[in-house]
Structures are given as C-alpha cells and as structure tokens.
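Just so it is clear, the structure is predicted and the values come from calculations on it, not from any experiment. Lettering follows sequence order; numbering is per chain, from 1. All values below come from the heavy atoms of this structure, side chains included, with hydrogens, waters and symmetry mates left out.
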2 protein chains.
Amino acid sequence: MYTIDPLARKPIYEQIIDQLELFVATGAFKPGDRIPSVRAVSTSSGVNPMTILKAYGELDSRGVICSVPGRGYFVSEGAKEKIAEAKINGLGELRGQIAALCRLGIPKSSVYALVDEAYGEITAGGDTL
Amino acid sequence: MYTIDPLARKPIYEQIIDQLELFVATGAFKPGDRIPSVRAVSTSSGVNPMTILKAYGELDSRGVICSVPGRGYFVSEGAKEKIAEAKINGLGELRGQIAALCRLGIPKSSVYALVDEAYGEITAGGDTL
DNA sequence: ATAGGTGTTATAGTCCACATATAACAGTTT
DNA sequence: AAACTGTTATATGTGGACTATAACACCTAT
C-alpha cells in the first residue's frame, strides 16, 4: 500500500501525502480512481486511522483527491497539475537551501553535479519535460 | 548579535548554529576569535541561556568552536573546513529532495535555473570556488 | 580578595506537533 | 441486515523545543 517509516524525521502523514502524490504523478493513480480506504491503509500499515485521515484530508483540501462519504476517496480531475503547481510554489524553500550552500562556499559545480546525480538516478538520460 | 525568529519552523538553536557557521565561512569570525558569550546572546536576544548553550554545545562537539571555562567560546582552528565537510556530508538529503522533484516531473532545466537563481543572488557572476 | 564576567550542570515546567486509542454517527453498496 | 465507506469527538501519550531558576566552578581584573 504505502511504505511507512515511523522512525523517520518526516511525519507519517507527510510520508503518505508524498507517496500518493508520486503515484498520481507517475500515473499509477489516475483521475477517477479510488484510492485505498482509510481503514484499509490503517489495517495494512498499523497506522492509526486518524493519521491516514489527516493525510487524506490535507490532499482533499488541495484538490488532489476528493472524498465521497460512504464510497471512499477518489483522485480528482487535474490532480497532477495541482500537485505540480504546489511543488512549484514550494520551490522557494529549496532555493534558500541552495543559497545557503553558496554562502558557505560550496562551488556551484558541486550543486550542478548533485542535480545531475539526482536526475540521473531516475531518468538515466532522457529528460522528463 | 544573531537574528532570531521564534516563529520560524526552524528551531532557535539551529538558527544560531546556521548564522555562526555563516559568520565563520565568510570570515567575520576567524579561528581564535571569541564569540558572543552565552549570557550576552541571551540578554540581547531574549532567548533562554539553555537554548544558546544547546547551539554552542552542538558546534563544540563538531569542532567548530571550543569552550574555555571561565573565558568563553572561541572559534577553532580549521573551523571553516569542518563546516564545509559537515555540509558535504549532509548533501544527501538535498539530493533526495531534488530526486523527488524529478519523479514528480519537474524538468531538470527548472532545477538548474533554480540553482542559477540561488547562486546569482550572492555571487552575481563570480564563481566561489 | 572581591567582584564580575565566563562556562556548566541540574531540576522542573510549559508548549505544541504527532500519533495513538476508542467510540460513535452517517452514508453507500450488496 | 451486513459490511463496507467517510466523519467526528474525546482522551491520552510521547517527544522535541523552549523556558525558568538556581547553583557551582573557573578566570581575570581591580
């Protein structure tokens, strides 16, 4: 279902959000698809239902998924775009982290190499956009 | 002394660590220099001494500064290198964040642009290393 | 030696995000 | 009716960050 690490510094509900966003981005979950129910995820992962609900509620408020009482949660139309948009908006934080490296004297080439490395792991040559 | 934002998501003691590292990296604080005392920082910033101590203690354990009981804290020899080394080791986390952008379909060119933007703000043309 | 600065330790308490535990209520499907 | 679904409410536990206060020990200058 989802891969949860209770010991990670990242909260469980954020881990769920990240993974579901990834599933949507990769097309594993498409608009209209029903996603795993709160109780099903809770049972299979051992995580409290309230924690799952917190993740789903957050995604719902972002318009990525949509709750249908009695039926379940479903991937929204345009979910992929909503996710990308949110990520773009959240890029400022990353920029700050990179700027900090700059101020500390880390050469730009090292950061470029880091980006290449990160992208190389996944795309292995082909650009994504 | 230090610029503290109690409302920031980043803990106060980490804010102090970051700023002191920056001062060392830029040469504002050089090896042998005495840094602001725990009590002085506490008084001027309104932050509890224990919080300052937590920041200084962490930097001490990293070998960036050195405590001399009765006299104060002093910047260690090779502090700059220790900081850079620690940052390099902590780069894996950033790599993970960038990889996440890749998986979500953010084009590599966008990330390159982000790096350029971040470095452009500070270096404005000249490479740092 | 006294005073005033320094780091250091100890204890206790507050606050808040995260996660849990449990239960109950309501809607949908079969 | 049964078995799912989401939803809400209340209470509890845990851990990190921060505060409050006090005391102890060290160094230096007067």
Side-chain angles (χ1 to χ4, degrees), chain A residues 1-20 29 31-76 79 90 93, chain B residues 1-20 29 31-76 79 90 93:
Chain A
M1 207 84 86
Y2 300 108
T3 303
I4 306 295
D5 177 11
L7 302 177
R9 38 269 166 240
K10 191 189 286 268
I12 294 176
Y13 79 96
E14 280 187 22
Q15 295 180 39
I16 295 172
I17 290 175
D18 288 349
Q19 289 179 48
L20 199 139
F29 286 170
D33 283 357
R34 183 170 162 271
I35 67 175
S37 78
V38 171
R39 282 180 179 81
V41 175
S42 175
T43 301
S44 74
S45 65
V47 174
N48 193 287
M50 300 300 295
T51 303
I52 318 293
L53 189 67
K54 184 169 185 178
Y56 282 7
E58 175 67 28
L59 286 164
D60 192 340
S61 74
R62 290 188 201 165
V64 174
I65 60 180
C66 180
S67 102
V68 183
R71 296 206 56 226
Y73 278 95
F74 298 84
V75 178
S76 301
E93 188 190 346
Chain B
M1 208 83 85
Y2 300 108
T3 303
I4 305 295
D5 178 9
L7 303 177
R9 38 272 169 242
K10 191 189 287 268
I12 294 176
Y13 78 95
E14 280 188 22
Q15 296 180 37
I16 295 172
I17 290 175
D18 288 349
Q19 289 180 47
L20 199 139
F29 286 169
D33 283 357
R34 183 171 162 271
I35 67 175
S37 77
V38 170
R39 283 180 179 82
V41 174
S42 175
T43 302
S44 74
S45 66
V47 173
N48 192 287
M50 301 300 295
T51 304
I52 319 294
L53 189 67
K54 184 171 185 177
Y56 282 7
E58 175 67 28
L59 287 164
D60 192 340
S61 73
R62 289 188 202 166
V64 173
I65 59 180
C66 181
S67 101
V68 182
R71 297 207 54 224
Y73 277 94
F74 297 83
V75 178
S76 301
E93 188 190 347

B:Met50 has its side chain closest, among D:dG6, C:dT20, C:dA10, to C:dA10
Between A:Val68 and A:Val47, the residue closer to the 5' end of DNA chain C by nearest nucleotide is A:Val47
Taken to the nearest 0.5 Å, the spacing of B:Gln15 CD from B:Thr3 OG1 works out to 9.0 Å
Between A:Ala40 and B:Asn48, the residue closer to the 5' end of DNA chain D by nearest nucleotide is A:Ala40
Rounded to whole Å, the CD1-C1' distance (A:Ile35 to D:dT5) equals 12 Å
Whole-Å distance, B:Arg39 CZ to D:dT21 C1', equals 12 Å
dist A:Ser76:OG -> A:Leu59:CG (nearest 0.5 Å) comes out at 9.5 Å
Query - Below 4.0 Å: OP1/OP2 of D:dC18 and any side-chain N or O of B:Lys54 - result: no
Residues of residues 1-18 of chain A with a heavy atom under 4.0 Å from any atom of DNA chain C, listed by number, are A:Pro11, A:Ile12, A:Tyr13
Heavy atoms, side chains only, cut-off 4.5 Å: are B:Tyr2 and B:Leu20 in contact? yes
Whole-Å distance, A:Ile52 CD1 to C:dA21 C1', equals 14 Å
**Study point:** Phosphate OP1/OP2 of D:dT19: any B:Thr51 side-chain N/O under 4.0 Å
**Key:** yes
When rounded to whole Å, the CG to P distance for the pair A:Asp60 and D:dT8 reads 11 Å
Hey, does the side-chain of B:Arg71 have a donor or acceptor N/O within less than 3.5 Å of a partner on the base of C:dG5?
no
The salt bridge (charged side-chain N to carboxylate O under 4.0 Å, His left out) partners of B:Glu58 (sequence neighbours excluded) come to B:Arg62
Quick note, B:Arg34 side chain, CB onward, closest among D:dT19, C:dT20, C:dT6 is C:dT6
The nucleotide from C:dG7, C:dT6, D:dT8 with an atom nearest the side chain of B:Ser67 is C:dG7
Task: B:Ser42 side-chain N/O to B:Val38 backbone N/O, donor-acceptor pair under 3.5 Å - done: no
B:Glu14 atom CD, neighbour heavy-atom count above 12 within 6.0 Å:
yes
Taken to the nearest whole Å, CG/A:Leu53 to C1'/C:dA21 is 15 Å
**Item:** Presence of A:Tyr73 side-chain N/O under 4.0 Å of D:dT7 phosphate oxygens OP1/OP2
**Value:** yes
Rounded to whole Å, the CD-P distance (B:Glu58 to D:dC18) equals 13 Å
Which of B:Val64, B:Ile17, B:Ile16 passes side-chain contact (heavy atoms from CB on, under 4.5 Å) with B:Tyr56? Answer is B:Ile16
